[in-house]
*Asks:* 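Dumping the structure here so I can ask a few things about it.
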Amino acid sequence: MAEKSHGTPAKGTGAHTEADGGHGGGFPPFESSTFASQLVSLVIAFVALYVIVSRFALPRVEGVIDARQNAIEGDLAAAQKFKDESDAALKAYETELATARSRAQAIGSETREKLNAAAEAERKTLEDQLTAKLAAAEKQIAATREAAMSNVRGIAGDAAGAIVQRLTGVLPDKKTVSKAVDASLKG
Amino acid sequence: MKIDPIHQFNIEPLFTIGHIGNQTIAFTNSSLYMFLSVAVISLLMIGGMAGRQLVPGRLQSIAEISYEFVASTIRSTAGAEGMKFFPLIFSLFMFICISNLIGIIPYTFTVSSHIIVTAALAFLVFFTVLIYGLYKNGFKFFKIFVPSGVPIYILPLVMFIEILSFFLRPVSHSVRLFANMLAGHIALKVFAGFVAMLGVSLGALGWVGGVLPLALTVALTALELLVAFLQAYVFAILTCIYLNDAIHPGH
C-alpha cells in the first residue's frame, strides 16, 4: 500500500506521508489511509480469537478446573470417611478395653474372695481340731488329778490310821478316819 | 544522530490482500502482530492446557490464572449474569494484554498504539452494551440515564450529563489505552535514543554518561510491563462495568 489516502483526501496527515514516504512527517496513528487495512486485519484476528477462545480454550480450562474441584471434593470426602472409620475403631477399642478391664477386676475380686473363704475354712477346722485336742487334754488332766487326789485321800487315811494306832495302840474306825481326813482336806 | 520516536508506529504494508472500493487492503506489520498475538494466546490457552493435568505445570498455571482472573473480575463487577460475556471479555483482555506485552520487545510493533484498533475494540464494547441492553431490557434500558433519588428540577441536567458520558464512553475507553501505549513507547524510545546519541556525539565520555538514560530505559521498561498489563485490565474491567449497565440498568 503506497500510502495513498484516496478515501479521505481532506486529511492533512495523509498528504504529508505521501510526500516523504511513510515516516518523519505524518503521525502514523492518525494516518487514515492505513485504517481500512488495520480494521480488516483486526476483525479477522479478533473473530478468530473469539472463536478459538469460546469454542476451544475456555471450555477446556473450565473442564480441567471442574475436574480438579471434583477430585479435591472426592478426596476430602474420602478422607472424612477414613477419619470417621478410624474414630469408630478407636471408640470400639476403648469400649473393648473398658469391658476387659472390668472383667479382669471382677475375676480378680472373685478369686480373692474364694481364696479368703478357703483360708478361713481351713483356719476354722484347724481351730476346731485344736479346741478338741485342748478339751481332751484338759479332761485327761482333770481325770489324772482326780485319780491323784483319790490316791492322796487313801494314802492320807492309811497314814492317819497307822499314826493313830501307833500313838494309841488302837486301830481306829475306818469311817471316822476318812471323815477326819476329808475334814482336814477341806480345811 | 536524530531520535525518531514516531518511526516505531509506522504501518508497513507487507503484501496486498485486496481492495475495498478504492482502498487498498494490505497485510501490514500491524496485522502480523495481531495474528501473532492470537497465535500466542491460542498456544497458551490450548497448548498449555493440552496436558489437562490435575496439578498444573507452569504454562497450564498461566492459562488457568488468566481464566480465573478474568472470571473473578466479571463476577465482582457484573455479577453471575455477566459470565454470558466471558468469551468476549476474555478475548479482549488477552488480546490487549498479549499484544501489549509483545510490543515491549524491542523492534516489535504495538498493535494498541493505533487509535483505530483501540477505537474499534471500544466501539465493539459500546455496541454490545447498547444492543444487548435494548434487547434485554427494552425501554427500561434508558433508566441508566435517569438516576434515582435526584430532585426533579436538576434531573434534566443530570440526564444530559449521563447521556453525554454514555456516548463519550467509547472515546475515553479507546483513547486511554491508545494514549498510554503510545506515550509509553515514545518515552522508551526517547530515553533509549539518548544512550546512542550521547555515545555518538561525545565519544567515551558520552558512553559513560549514557548509563543514566540506560538505567532509566530499564526502569521504564519495567513500568511499561506494568502498564501493558494494567491497561488490558482497565479495558476489561471498564467493559465489565459498561456491560453491568446493560444487564442491570437500574442504578
Side-chain angles (χ1 to χ4, degrees), chain A residues 1-9 11 13-14 16-17 20-75, chain B residues 4 6-13 16-18 20-28 30-38 41-42 44-46 48-56 60 63-64 66-68 71 86-88 90-92 94-95 111 113-117 120-121 124 178 182:
Chain A
M1 181 169 57
E3 306 291 328
K4 278 179 191 142
S5 53
H6 299 289
T8 52
K11 289 261 178 173
T13 48
H16 262 289
T17 42
D20 53 26
H23 51 92
F27 186 55
F30 294 149
E31 272 174 39
S32 55
S33 60
T34 66
F35 285 2
S37 299
Q38 289 194 68
L39 277 179
V40 168
S41 303
L42 180 66
V43 167
I44 296 169
F46 197 76
V47 166
L49 178 66
Y50 186 86
V51 169
I52 291 168
V53 159
S54 60
R55 287 268 177 283
F56 307 107
L58 295 184
R60 188 173 288 209
V61 179
E62 201 176 358
V64 169
I65 289 175
D66 279 355
R68 176 175 310 131
Q69 191 64 30
N70 289 340
I72 289 171
E73 273 164 14
D75 286 356
Chain B
D4 183 8
I6 302 300
H7 180 259
Q8 58 178 325
F9 303 115
N10 268 351
I11 298 284
E12 315 278 2
T16 305
I17 302 172
I20 296 177
N22 44 18
Q23 277 278 2
T24 309
I25 305 302
F27 189 88
T28 64
S30 175
S31 319
L32 180 68
Y33 282 98
M34 286 175 195
F35 287 111
L36 183 66
S37 303
V38 172
I41 297 165
S42 310
L44 171 69
M45 297 308 295
I46 294 173
M49 296 304 289
R52 294 169 186 268
Q53 282 159 325
L54 208 58
V55 178
Q60 193 180 330
E64 285 182 17
S66 35
Y67 176 99
E68 297 276 8
F86 187 34
L88 174 69
F90 189 81
S91 302
L92 281 170
M94 290 304 274
F95 183 71
V111 174
S113 67
H114 277 255
I115 184 79
I116 184 68
V117 173
L121 296 177
L124 169 67
F178 155 70
L182 186 80

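A note on names: the letters A, B, ... follow the listed sequences, proteins ahead of strands, and every chain is numbered from 1.
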*Asks:* Does some side-chain heavy atom of B/Pro56 sit less than 4.5 Å from a side-chain heavy atom of A/Arg68?
*Replies:*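 They are in contact (side-chain heavy atoms under 4.5 Å apart), so the answer is yes.
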*Asks:* Could you look at A/Val40 and say if it's the side chain, the backbone, both or neither that has a heavy atom under 4.5 Å from chain B?
*Replies:*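 Side chain only.
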*Asks:* Checking heavy atoms, do the side chain of B/Leu92, its backbone, both or neither come under 4.5 Å from chain A?
*Replies:* both
*Asks:* Side chain, backbone, both or neither: which part of B/Glu68 has an atom under 4.5 Å from a heavy atom of chain A?
*Replies:*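 Side chain of B/Glu68 only, per the 4.5 Å heavy-atom cut-off to chain A.
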*Asks:* Counting only heavy atoms closer than 4.5 Å, note whether B/Ser30 contacts chain A via side chain, backbone, both or neither.
*Replies:* side chain
*Asks:* Quick one, A/Phe27 and B/Leu182 - any side-chain contact, counting heavy atoms below 4.5 Å?
*Replies:* yes
*Asks:* Please work out whether the ring planes of B/Phe27 and B/Phe35 are parallel, tilted or perpendicular, with thresholds of 30° and 60°.
*Replies:* parallel
*Asks:* Do B/Met34 and A/Phe46 have side-chain heavy atoms sitting under 4.5 Å apart?
*Replies:*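 Of all side-chain heavy-atom pairs linking A/Phe46 with B/Met34, none is under 4.5 Å.
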*Asks:* Donor-acceptor pair, distance only, cut-off 3.5 Å: does the side chain of B/Gln60 make one with the backbone of B/Gln53?
*Replies:* yes
*Asks:* Select one option (side chain, backbone, both, neither) describing which atoms of B/Phe95 are under 4.5 Å from chain A's heavy atoms.
*Replies:*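 Interface part for B/Phe95: both.
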*Asks:* Identify the heavy atoms of A/Leu42 and B/Ala120 that sit nearest to each other, and give their distance.
*Replies:*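 In terms of heavy atoms, the two residues are closest at CD2-CB, 3.5 Å.
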*Asks:* Let's test your reading of the structure: which of B/Ser37, B/Ala63, B/Ser42 forms the most heavy-atom pairs below 4.5 Å with chain A?
*Replies:* B/Ser42
*Asks:* Side chain, backbone, both or neither: which part of B/Ile41 has a non-hydrogen atom closer than 4.5 Å to chain A?
*Replies:* side chain
*Asks:* When heavy-atom pairs shorter than 4.5 Å are enumerated against chain B, which of A/Ala57, A/Pro29, A/Ser54 gives the highest number?
*Replies:*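 Greatest number of close heavy-atom pairs with chain B: A/Pro29.
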*Asks:* Between B/Ile20, B/Val55, B/Leu121, which has the largest tally of heavy atom pairs under 4.5 Å with chain A?
*Replies:*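 Top count of heavy-atom pairs under 4.5 Å with chain A: B/Leu121.
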*Asks:* Do we see a donor-acceptor contact under 3.5 Å between the side chains of B/Thr28 and B/Ser31?
*Replies:*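 Yes, B/Ser31 and B/Thr28 have a side-chain donor paired with an acceptor closer than 3.5 Å.
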*Asks:* So what's closer than 4.5 Å to chain B heavy atoms on A/Ala36: side chain, backbone, both or neither?
*Replies:*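 Looking at A/Ala36, backbone and side chain both touch chain B.
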*Asks:* Non-hydrogen atoms of chain A under 4.5 Å away: do they reach the side chain of B/Phe9, the backbone, both or neither?
*Replies:* both
*Asks:* Would you check if A/Val53 and B/Met94 make a side-chain contact, meaning some heavy-atom pair closer than 4.5 Å?
*Replies:*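 No, side chains not in contact.
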*Asks:* Heavy-atom pairs under 4.5 Å with chain B - which of A/Val64, A/Leu39, A/Leu58 has more of them than the others?
*Replies:*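 Result: the option with the highest number of such pairs is A/Leu58.
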